[in-house]
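I have placed the structure first, in the form of C-alpha cells, so that the comments after it can refer back to it.
In what follows, chains carry the letters A, B, and so on, assigned in the order in which the sequence lines appear, proteins first and then strands, with residues in each chain numbered from 1. In what follows, every heavy atom counts, from backbone to side chain, and hydrogens, waters and symmetry copies are set aside.
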Amino acid sequence: MSRRTTPQEDFIRGIWKENPVLVQLLGLCPTLAVTGTVDNALTMGIATFFVLLGSSVLVATFKSVIPKEVRISAYILVIATFVTIADNVLHAVVPEIHKSLGPFVPLIVVNCIILGRQEAFASKNTVGRATLDAIGTGFGFIITMMIMGSMRELLGNGTWLGYPLFGAHFEPWVIMVLPPGGFFTLGFILLGIAWWKGRTAVPVRPRRWPHGVTTEVGGSTS
Amino acid sequence: MSEQKLPVIETESGGAQPPPVQVEASSVRLISTLAVAGALAGMAIVMVFQWAKPRIDKHNAEVLAAAVTDVLGGAQRYETVFLDGDHFTTEPQSDTAGLDRVYVGYDANGQPRGVAMEAGEPGFQDVIDLLFGFDPATGDVIGMKVLNSNETPGLGAKITYDSTFIGEFNGVGTPLQGVKKDRAKGGHDEVVMITGATISSRAVIKIINDRLDAIEQPVDSYWSTLAPAAATSAAAKSGGSVTNAASGGGL
C-alpha cells in the first residue's frame, strides 16, 4: 500500500502476477470441483466475477461508513447478497447449467478470493481502483477456470463447449472429468508456472558469511 | 538482524509519541449499521427473487410436461392426480402439497394414454430421480427418463442419455428384470443393463419396481374409473393386468 500503483497495474495484477488461483492458490474449491466442462467453468467464472465486482464496488463505496469492528460481517452480508442474486438469476436464465453447478454457486459466499480482495484492497482504496482490481482478479479467475475446463473437457470427453473435436475414434480419458482429473490438471498447470518462473530466476550461488561459515541461501523464485 | 532491533524501535516510538487512540464505535452504531445493511440486502434479494420465481416455475413446469410427454410416448396433455388416502383423485380433500401424485396423460383423441409417475432412490453416488410411464391396461412400462442424478460421468451417468438403455423401457413387462448384455434371452420383462454401469442400471430398475409395488393397486383402480373405454380395452387385452396388479400388491 506504500507505493501508488498505476491503473494498468491494478488491472493486470490479478490476471497475471497475482492470479488468484495460480499464484495466490485461492478459490481452489470451485477450480477443482466445477471445471469438468467448459460451460460449467465459464458460468462459475462469470458468477464469481459478478459477485467480486459488485462486492468490491459496494465495499469501496461504503468503506468509511462501516465500523471496523463489524467490517467482516458487513462484507459477508454484501457478498452473500450478490451470491443469492447470482444464484437466482442463473436459476431463471440457464436452469440446466444451474442444476449441474449444484451447491457451488451458493458456496461463492465463502470463496477466499472475494473476501480476500475486500479486506486487502477494496476496503482501503478508491472505488475506481477497487473496480479495476476486481475486474482484473475476476478475469484472472475466469481465465484460469477456462484453461482448467478446456483441458478437462477436451481430454475427458473429446469435446469443447459440447462440440466434438477429435472425431469418433477418440477414446475419452474419463478420469479427467472426474475429481482426480481436476487435481492432475491443476498440478500440471502449477508445475508449468513454477518451471516458467524458475527459468527466468537468477540462479542462487553459495554465499560466504563474514565468520567463515559457508551456507546455501534459499532463493526466492518470484 | 531486524528481530534484534525490533524492541529498540518499539521503546523509541513508545517514548516519542503515544499510541494512536483507538476510536471505538458505539454498540448502537454497530447494530444499526448491520441492521440497515441487512434490511437493504433483504430487499434486494426479495426483488430479484420475485423476478426469478415465475421464470423458474415456468421452466420446471415445461421440463415436467416435456418429460411426461416423453415417457408416455406422445401424450398431448396431462392431468395431475393426487393420492388422497388410498385412492387417486383430481380434487383431494387435504392440502395437495404433501400428497403423492401421478400424471395421467391423454392422447389427441382424449383417450387416456398411460400414467407417468416420479420415483427416486439411492443410485451409485446419490439419489436418482426419474419419471416413468406406466400403462395400467397392459401392465407395461412405456418409457423412462432420469430427471436428476449424480452418477459417475461417462459410466453411471449413461442412464440419463444412453438411448439403447432408455429404449429398453419402451414397452417392457413388470416387474422388470435387469439382465447383462450377453445373458439376454429376449423376454418381455427383460431390461439389458449398461456395461460398466450395472449398479446404476440396477438402481433404475429397482426404483421402478419398488414404486409400482407400492402404488400399482390405486393406480389400476383409478384407471378403471377413468374411462370405460380404456377399462374394457384393458380387460379385453389381458387378464394379465389384473393378476399382475394383484401379485404386485402382494409382494
Using a cut-off of 6.0 Å, state whether more than 12 heavy atoms not belonging to Tyr161(B) lie near its atom OH. yes
Distance col, row Lys99(A):NZ vs His59(B):NE2, nearest 0.5 angstrom, shows 8.0 Å
| task | Kindly check if the number of other-residue, nucleotide or ligand heavy atoms within 6.0 Å of CZ (Phe183(A)) is above 12? | result | no
Item checked: Tyr106(B) atom OH, over 12 foreign heavy atoms within 6.0 Å -> yes
Is the number of heavy atoms from other residues, nucleotides or ligands under 6.0 Å of Lys63(A) NZ greater than 12? yes
The interface call for Leu178(A) against chain B, heavy-atom contacts under 4.5 Å, is side chain
Exactly one candidate in Thr33(B), Leu34(B), Leu30(B) meets side chain to side chain contact (heavy atoms under 4.5 Å, CB included) with Ser73(A); the answer is Leu34(B)
Heavy atoms of Ser64(A) and Arg29(B) approach each other most closely as O-NH2, 4.2 Å
Residues Gly38(B) and Leu77(A): closest non-hydrogen pair is N-CD2, 3.3 Å
To the nearest 0.5 Å, atom CZ of Phe49(B) lies from atom OG1 of Thr84(A) at 11.0 Å
In terms of heavy-atom pairs under 4.5 Å with chain A, the winner among Ala52(B), Ala44(B), Pro54(B) is Ala52(B)
Turns out that what part of Val78(A) lies under 4.5 Å from chain B's heavy atoms comes down to neither
Most contact-rich option vs chain B, by heavy-atom pairs under 4.5 angstrom, among Ile66(A), Val174(A), Val65(A), Val177(A), is Val65(A)
*Flag yes if more than 12 heavy atoms outside Phe124(B) fall under 6.0 Å of its CZ atom; otherwise flag no.*
no
>> Tell me whether the count of non-hydrogen atoms from other residues, nucleotides or ligands lying under 6.0 Å of CZ in Phe188(A) goes above 12.
In response: no
